[in-house]
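Every chain is numbered from 1 and lettered A, B, ... according to where its sequence line falls, protein lines coming before strand lines. When reading the values below, keep in mind they use all heavy atoms of this one structure, side chains included, and skip hydrogens, waters and symmetry mates.
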Amino acid sequence: MFLAMRGEVEAELERSLGALDFPTDDLGIEQPPDDVDAVLASSVAFRLASKAGTAPPNVAGDIVDCFDTARCEFIDHVASQGPYVNFFPSEAYFTGTVEAGQDGEYGRLPNQETSVVIEHTSANPTGPVHVGRARNPIVGDALANLLSYAGYDVDRHYYVNDAGRQMAVFTWAYETFDEEDLPKPERDRVEYDLVRYYRKGNTVLEEGDQETVATAEDEIQEIMQGLEAGNEETYERVGEVVDTVLGGMQDCLERLPAEFDEFVKETRFIRDGSTDEIAETLKETEYAVYEEDAWQLELTDWDIEKNFVFLRSDGTSLYTTRDLAHHEWKFNNYDEAVTVLGEGHGLQSQQLRAALEILGNDTELLDQVLYGWVNLPDGESMSTREGTGIMLDDLLDEAIARAREEVEDRMDDRIRNDDLTDEDVDRIARQLGIGAVRYDIVAKQPTKAITFEWERALDFEAQSAPYIQYVHARACGILSEANEVPDISSVEISLLDSESERTLLREIARFPAVVEEGAAERTPHIVATYTREFAEAFNAFYRECPVVDASEDVRMARLALVVAARNTIANALEILGVEAPESM
RNA sequence: GGGCGUGUAGCUCAGCCCGGAUAGAGCGUCGGACUUCUAAUCCGACGGUCGUGGGUUCAAAUCCCAUCACGCCCGCCA
């Protein structure tokens, strides 16, 4: 209803300003502070005062006089307060909110008829997923959920770097070393098994004697050239390693859960010739220069001082050249593209955009969401090759273990006698533990750097997932206790007239607007902020408004409100990728 | 040196793009509320030169300029 009301405010305010001979390009619509009872406000009177030759409050008064609420369904009245014009909701606003909230899909926006490909994670398939990489799937998955809720047709892609030197090193190491020379794997899963070869290979290359390293380099070069030349046998050898490791990483990511519609391999754009085509096209452009035997692009028009080399002196392509072919493929198959990537790729993503423009693409359709690094407290960085960092599996296991402890501690002093089964305890521990990890990461602006600390990551207090999840469990508790479904057509919404009920209704009403804004700005964290504010409103309602024991009419109205609240918080959590427990 | 990002309460963060009503939360500290639809909750108190200095504006945490601190990047690696 918020979106509908905002539409009415915009239309009628524009008409009013026009009638008063004021410009209508800036309506100054904003959210009033908490202690003002209006849903929307306008500060436009400030800017019109000098034109009108009078003080802002007078202008605000004129606007109020001209504003015709008879033309609006969701606006009850308009009032000026000093220089501000405040818009107050009608009974239909609240009735409409409760009705809309009965839908289990509440918050989902109309189909935008637009396809979006969101690429995220895309970690090199070299070993187990560590916490440093985990920010990407968590942000990426939430953003994909959010765009989907906003009515976009979303495909989730993982771009697999299977053509680089690291994969050649990995393949050589895997084929060279014996299992018995390696340490025990840290966990019984394929990527933990195979990463040992990769680490051993890198150690040998760094510390081995000259002859060993030279032999290894020859073999690595042979693999790389086989890939570039389109040699099928090489593809198979490398592919075995890539697919195996990736399979294990997928198992890990599914725990979050983060799943993908497609794993797009980099070699695909070598094999189908599109990388070569791109290179040939670029050579013909006015930005192309041939310097020091390599083809480059001068990007000074884009304020990038560094030349972008797209063909090496030996004529082979680079990662970004292949990524150009990848992105042209995206543009051919989707209306819009979003990529979630680490801040270390800033310059590269600028070069990519510039080159895509040179190739004639509309880069307005590409959004690159950058997220900051995850550091360890002692300043050490996380590296698969060096075997440093916290593994995501370990973090999730620890989170679940701590959540289980909490659940068990609380079992003893539960007032409610609802005997949780062992399965319930398992479920709750998993939902809360993983939810806490996800929420902690998705709730922050991605551009902020994070220092990983166990206690902080696993804090289950307020402003964490369990706080929000508890709201859902409470709502479900009321509904199961009441054990009846309100007939929405006969419910008296006007009975929901206390302050806490009205506040909760307003929170429910603006959920679709949060989805709209978050999707447009590609900022899933605002959904997390919303869930916190929503939880506060719900808890106030919970404290002040008994549902089950209320008189018949009030009970029905409140039950309808609780259904709407439950659907809202369940769907907001779904966007964040945090499970909504029915009991905890 | 250049580019990008970050800097808001002791700590962790919203708010900044798009200027507007007394700068908001949580943690921590202190003090309160469970015979109640689940206290993983709620209520109250304490806590702020919004990094710093200028500028624009009726109005600046928000826009502009400068500056400091921290992070990342500046490879014919990925």
Side-chain angles (χ1 to χ4, degrees), chain A residues 26 28-30 32-36 41-47 49-50 55-56 81-84 86 124 126 161 163-167 266 291-296 303-307 309-314 316 318-320 322-323 342-350 370 372-373 375 403 406-407 409-410 413-416 418 432 440 443-445 447-451 453 456 459-471 473-482 521 523 525-526 528-529 532-533 535-536 539-540 542-550 558 562 583-584:
Chain A
D26 175 11
I29 293 173
E30 58 194 56
D34 288 344
D35 56 348
V36 173
S42 172
S43 60
V44 73
F46 279 114
R47 270 142 284 160
S50 62
Q81 184 173 339
Y84 297 95
N86 290 324
N124 293 338
T126 51
N161 304 162
R165 176 182 156 87
Q166 2 190 10
M167 293 324 300
E266 192 179 353
E291 282 175 9
E292 296 176 32
D293 297 333
W295 281 97
Q296 326 189 359
D303 292 324
I304 301 171
E305 298 306 318
K306 187 83 197 158
N307 274 9
V309 175
F310 62 93
L311 280 183
R312 293 188 182 95
S313 47
D314 65 4
T316 58
L318 289 92
Y319 171 82
T320 309
R322 288 168 235 135
D323 207 19
E343 65 173 347
H345 297 79
L347 175 66
Q348 188 193 353
S349 72
Q350 286 175 26
L370 299 175
W373 215 239
N375 303 298
E406 289 279 336
V407 175
D409 280 357
R410 287 163 203 270
D413 45 52
R414 279 170 87 86
I415 292 169
R416 194 174 172 201
D418 62 351
L432 271 56
D440 185 58
K444 290 180 176 118
Q445 238 187 88
T447 43
K448 295 223 186 210
I450 292 178
T451 297
E453 290 166 75
R456 201 175 296 292
D459 180 5
F460 298 149
E461 296 293 323
Q463 285 201 351
S464 72
Y467 173 73
I468 314 296
Q469 290 170 313
Y470 189 52
V471 165
R474 277 182 149 178
C476 289
I478 293 172
L479 295 174
S480 87
E481 194 73 23
E521 309 287 325
T523 48
H525 77 273
I526 72 164
T529 305
R532 268 200 306 261
E533 289 161 0
E536 269 173 50
N539 283 326
Y542 186 90
R543 182 181 67 248
E544 284 162 28
C545 300
V547 177
V548 175
D549 294 335
R558 287 182 178 168
V562 172
S583 65
M584 60 187 270

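- Residue A:Q350 has its side chain nearest to B:rG3 when only B:rC42, B:rA21, B:rG3 are considered.
- Inter-residue side-chain proximity for A:I478 and A:Y542 is flagged as met; some heavy-atom pair is nearer than 4.5 Å.
- Among the heavy atoms of the strands lying under 4.0 Å from A:A41 is at least one base atom, whether or not backbone atoms are also near.
- Looking only at side-chain heavy atoms (C-beta outward), A:E30 and A:Y84 come within less than 4.5 Å of each other.
- The interatomic distance linking A:D26 (CG) with B:rG19 (P) rounds to 8 Å, in whole Å.
- If you check every strand for non-hydrogen atoms under 4.0 Å, A:P32 touches a base.
- The CH2-C1' distance, from A:W373 to B:rU6, rounds to 16 Å in whole Å.
- Here the separation of B:rG7 from B:rU52, taken at their P atoms, is 13 Å to the nearest Å.
- Between B:rG75 and B:rC58, the distance separating the two P atoms is 47 Å to the nearest Å.
- The C1' atoms of B:rG44 and B:rC63 are separated by 38 Å, rounded to the nearest whole Å.
- As judged by a 4.0 angstrom heavy-atom cut-off over every strand, A:D35 is placed among the base-contacting residues.
- The shortest distance between side-chain heavy atoms of A:D303 and A:Q350 does not fall below 4.5 Å.
- Ranking B:rA14, B:rC42, B:rA40 by closeness to the A:R543 side chain, first place goes to B:rC42.
- A:R558 comes within 4.0 angstrom of no nucleic acid atom, judged by non-hydrogen atoms across all strands.
- Of all nucleotides present, only B:rG55 satisfies the Watson-Crick or G-U wobble test against B:rC63, with each distance under 3.5 Å.
- Put simply, CZ on A:R165 is 11 Å from P on B:rA78, counting in whole angstrom units.
- Out of B:rG20, B:rC77, B:rU38, the shortest distance to the side chain of A:L318 is found at B:rC77.
- Under 3.5 Å, the side chain of A:Q463 and the base of B:rA25 form at least one donor-acceptor pair of N or O atoms.
- A 3.5 Å limit on both hydrogen-bonding distances identifies no Watson-Crick or G-U partner for B:rA39.
- Each of A:V548 and A:D314 was matched to the nucleotide of RNA chain B holding its nearest heavy atom; the match closer to the 5' end belongs to A:V548.
- Nearest nucleotide to the A:Y467 side chain, out of B:rU41, B:rC37, B:rG15: B:rU41.
- On a pure distance criterion of 3.5 Å, no polar donor-acceptor pair joins the side chain of A:T447 and the base of B:rG5.
- Closest contact between the side chain of A:H525 and the listed nucleotides B:rA21, B:rA14, B:rC77 involves B:rA14.
- When distances run from any side-chain atom of A:Y470 to the nucleotides B:rA14, B:rU38, B:rC42, the shortest one goes to B:rU38.
- Between the side chain of A:R47 and the base of B:rG20 there is at least one donor-acceptor pair of N/O atoms closer than 3.5 Å.
- Regarding A:R532, its CZ atom lies at a distance of 15 Å from the P atom of B:rU12, rounded to whole Å.
- Counting non-hydrogen atoms of other residues, nucleotides and ligands closer than 6.0 Å to CG of A:D34 gives a total of 12 or fewer.
- When the C1' atom is compared between B:rC64 and B:rU22, the two are found 27 Å apart, to the nearest whole Å.
- Side-chain atoms of A:Q348 do not come within 3.5 Å of backbone N or O of A:T320 as any donor-acceptor pair.
- Base pairing analysis places B:rC34 opposite nothing; no Watson-Crick or G-U wobble pair with both distances below 3.5 Å involves it.
- Counting atom types as modelled, A:N86 pairs a side-chain N or O with a base atom of B:rA21 as donor and acceptor under 3.5 Å.
- The interatomic distance linking A:K448 (NZ) with B:rC13 (P) rounds to 6 Å, in whole Å.
- Using a 5.5 Å limit on the distance between ring centres and a 30° limit on the angle between planes, the aromatic ring of A:F46 does not count as stacked on the six-membered base ring of B:rA59.
- Nucleotide B:rC4 holds its P atom 17 Å from the NZ atom of A:K306, rounded to whole Å.
- With both ends at atom P, the span from B:rU8 to B:rG3 equals 24 Å, rounded to whole Å.
- Across all strands, A:C476 comes closer than 4.0 Å to no nucleic acid atom at all (heavy-atom distances).
- A:Y467 is listed as a side-chain neighbour of A:E536, based on a closest heavy-atom distance under 4.5 Å.
- You'll find a donor-acceptor pair under 3.5 Å spanning the side chain of A:E521 and the base of B:rC18, going by distance alone.
- When Watson-Crick and G-U wobble pairs are counted only if both distances are under 3.5 Å, B:rG24 pairs with B:rC13.
- Within the nucleic acid shown, A:G344 comes within 4.0 Å of sugar-phosphate atoms alone, with no base atom in reach, counting heavy atoms only.
- A:Y542 comes within 4.0 angstrom of a base, heavy atoms only.
- Residue A:E343 is in base contact, counting any heavy-atom pair closer than 4.0 Å across all strands shown.
- In this structure, the side chains of A:M167 and A:T126 come closer than 4.5 Å at one or more pairs of heavy atoms.
- Using a 4.0 Å heavy-atom cutoff across all strands shown, A:S313 reaches at least one base atom of the nucleic acid.
- Within the 4.5 Å cutoff, no side-chain heavy atoms of A:I526 are placed close to those of A:E521.
- Comparing the C1' positions of B:rG24 and B:rG1 gives an interatomic distance of 40 Å, to the nearest angstrom.
- At least one side-chain heavy atom of A:N307 sits under 4.5 Å from a side-chain heavy atom of A:E291.
- Pair assignment for B:rG19 gives none, since no Watson-Crick or G-U wobble pairing has each distance under 3.5 Å.
- A:L311 comes within 4.0 angstrom of nothing in the nucleic acid, heavy atoms only.
- Using the Watson-Crick or G-U wobble rule with both distances under 3.5 Å, B:rC50 pairs with nothing in any strand shown.
- When rounded to the nearest whole Å, the span between OH of A:Y84 and P of B:rA59 equals 13 Å.
- Between A:D549 and A:A443, the residue anchored nearer the 5' end of RNA chain B, judged by the nucleotide with its closest heavy atom, is A:A443.
- Listed for the A:R312 side chain is no donor-acceptor partner under 3.5 Å among the backbone atoms of A:L318.
- Look at the P atom in both B:rG28 and B:rU12: the space between them is 15 Å, to the nearest Å.
- When the C1' atom is used for both B:rC34 and B:rG20, the distance is 43 Å, rounded to whole Å.
- Of the nucleotides present, B:rC70 is the one that pairs with B:rG5 by Watson-Crick or G-U wobble criteria, both distances under 3.5 Å.
- In this structure, A:L347 places its CG atom 11 Å from P of B:rC4, rounding to the nearest Å.
- In this structure, B:rA45 forms a base pair with B:rU29, meeting either the Watson-Crick or the G-U wobble geometry with both donor-acceptor distances under 3.5 Å.
- Residue A:Q348 is classed as a base contact, given a heavy-atom separation below 4.0 Å to a base.
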